[in-house]
Number of protein chains: 2
Amino acid sequence: MARKTVEPQRATIGLIAEEAGVSVPTVSKVLNGRPDVSVATRTRVEAVLARHSYRRRTRGPTRTGPPLIDLCFHELGNEWGLEIIRGVESAAAELGVGVVLTELGGKHRPEQAWLDAVLARRPIGVLLVLSSLSEAQRHQLESRSIPFVVIDTEGEPPKDVPTVGSNNWNGGLAATQHLLGLGHRRIGMISGPDDVLCSRARVDGYRSAHAEANVPYDESLVRWGNFDADMGYEHGRDLLTQPDPPTAIFAGSDVQALGVLRAARELKRRVPEDLSVVGYDNVPLTEWLGLTTIEQPLRAMSRTATQMLVALARGEEPPLRRVDLATSLVVRETTSPPTA
Amino acid sequence: MARKTVEPQRATIGLIAEEAGVSVPTVSKVLNGRPDVSVATRTRVEAVLARHSYRRRTRGPTRTGPPLIDLCFHELGNEWGLEIIRGVESAAAELGVGVVLTELGGKHRPEQAWLDAVLARRPIGVLLVLSSLSEAQRHQLESRSIPFVVIDTEGEPPKDVPTVGSNNWNGGLAATQHLLGLGHRRIGMISGPDDVLCSRARVDGYRSAHAEANVPYDESLVRWGNFDADMGYEHGRDLLTQPDPPTAIFAGSDVQALGVLRAARELKRRVPEDLSVVGYDNVPLTEWLGLTTIEQPLRAMSRTATQMLVALARGEEPPLRRVDLATSLVVRETTSPPTA
């Protein structure tokens, strides 16, 4: 089919139908995520919609009930996920919007079934947490005028994807500066997966802190994994049982630090006397554990992302499309100068 | 208006309208939770609906998108709440149902605004966590054929409210039997609010364990509060600084136990050598803390409640309307015989 150059606002459902070789009701079904369309037909229609950068004028027939936001998690981790839920829920409640919660069971990219449900549900927008959409999926949302905002990017999203994150590089820097400032010279670091942006940014901050202090760092003390307690435990045990163990460990999350603390306890290392430990996130339980950590303003990030999404849904252009909120060091009881 | 005795299935919208002195479209608006009806009119219509035990035949016009469940929390606490969310989310995903998440900001009873949103949204059912509905609110849901199930009752719900809980009395008994069995004779107990059923059941279990072992208990060692860490901390400090302190503390939740552990740490009491501590819930973090606790099968409870709700929504009668899942003792590292 020859590519027609048509102004985006001129493409009508009729034109789309003609070009795709289907009826207008069929195009409407695809737009509304109805299941009774063959995969081949749907693909063909979506391609034409994308080619014309088709934008539905409104979200579709008036939906029943107050507007909804779709909040989609890669996986509902732990306290970290709960802080985000609370931030979104509180901002949404203030704006009179409901929240539909979905989890992708560990996948970073949703499947078509999830997207179909969203298209049919017609939320005013979608919030993605540690999950991203393919180009094709983005087009599907855009053609239905359903905006989306990403919280805490897992990769490097294209420039025009509205994103709210926090300054991970600064967080890695601050934690490491704190430990170097206390006198530590062998600092273990356990980060998240190495294909996730926030992990790499924090490790870069860790490296930069060493360079800034003119202290060489040992690459073998840097470990990658996930943000869970089991990884903190395994890497913690491994780091602490080598011949020249680190005197401090900077964990990728507070929950991961739980695992590190357990490893230390089992190996009879007192914290902080024998081992300093720093976490990341500053989830509520850290106050009770007395864990030194980096505050990641998860609730503020989630509120900001929600407000940004609602503004986009109203057709407003938010002042900034990419916002990183500041992290800060919270010094408590698990760090001290190395003994001897 | 004289009370008409009409068979429930004979009451039609027309009859309701006539009796309430309004038009049929107005009754329809009230049924659909539309905001453009005066409070006086709405109240009058609801009264007539209740009087006739009116039951809408279906949930209303076909809603767009896959079916939704409304999951409503009294407040999104902490890891406890997250376990419930995960249980509901996983069961709902298997059943092809979406989950709308709401929090009442600490209130045990939702306001009309929440209920209106639900009536307009037309979920297939509502799950309530530590929140309950007034008689009038129940009628409103019933007249729209929207079933509801309660998870972990906060009070004594009427017999025909479908409920899924866990055996709190057994949980209180098991934890206390464990401590008495280790040799403890002065056991502190910090429970939840005294007007919440699960708190009282656990304390009764604690008392019964003492009676069974022929050990007198000191009522001043039983404290009431909330299930949060701050209450564990305050009561913990208080119990441990009295002249004849307990040698063990049974906390109302794992999160509360975090506060108790901190109090012990500050007062230089080693756990378990100087103080045994038992939590409640068995949330994931307890594995890393090595906390002895009572497993409350939160995810299984939530899955069961979700499946029960979907069955009710299909018009099926679940085999049981009230189910309590079993609790069990999980012995880890924070309990031992009292020293000397």
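A note on names: the letters A, B, ... follow the listed sequences, proteins ahead of strands, and every chain is numbered from 1.
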Novice: Side chain, backbone, both or neither: which part of E287(B) has an atom under 4.5 Å from a heavy atom of chain A?
Specialist: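 Only the backbone of E287(B) comes within 4.5 Å of chain A.
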Novice: What part of A229(A) lies closer than 4.5 angstrom to a heavy atom of chain B: side chain, backbone, both or neither?
Specialist: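 Both backbone and side chain.
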Novice: Under a 4.5 Å heavy-atom cut-off, does chain A meet the side chain of D230(B), its backbone, both or neither?
Specialist: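 When you check distances to chain A, atoms from both the backbone and side chain of D230(B) fall under 4.5 Å.
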Novice: Are L68(B) and L68(A) side-chain neighbours, meaning at least one heavy-atom pair lies under 4.5 Å?
Specialist: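 Yes, their side chains come closer than 4.5 Å.
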Novice: Output the distance between atom CG (L82(A)) and atom CD (E83(B)), rounded to the nearest 0.5 Å.
Specialist: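 It comes to 10.5 Å.
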Novice: Let me know which of D228(A), L258(A), L261(A), V260(A) forms a side chain to side chain contact (heavy atoms under 4.5 Å, CB included) with W288(B).
Specialist: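 Output: one option passes, namely L258(A).
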Novice: Go through the atoms of L285(B) and report whether side chain, backbone, both or neither lie under 4.5 Å from a heavy atom of chain A.
Specialist: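 Both backbone and side chain of L285(B) come within 4.5 Å of chain A.
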Novice: Which atoms of L289(B) are under 4.5 Å from chain A, going by heavy atoms: the side chain, the backbone, both sets, or neither?
Specialist: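 Contact with chain A: backbone and side chain both.
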Novice: How close do E89(A) and E103(B) get, heavy atom to heavy atom, and via which atoms?
Specialist: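 Minimum heavy-atom contact is OE2-N, 3.4 Å.
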Novice: If we define contacts as heavy-atom pairs under 4.5 Å, which of V88(B), V99(B), V283(B) has the most with chain A?
Specialist: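 Looking at each of V88(B), V99(B), V283(B) in turn, V99(B) comes out on top.
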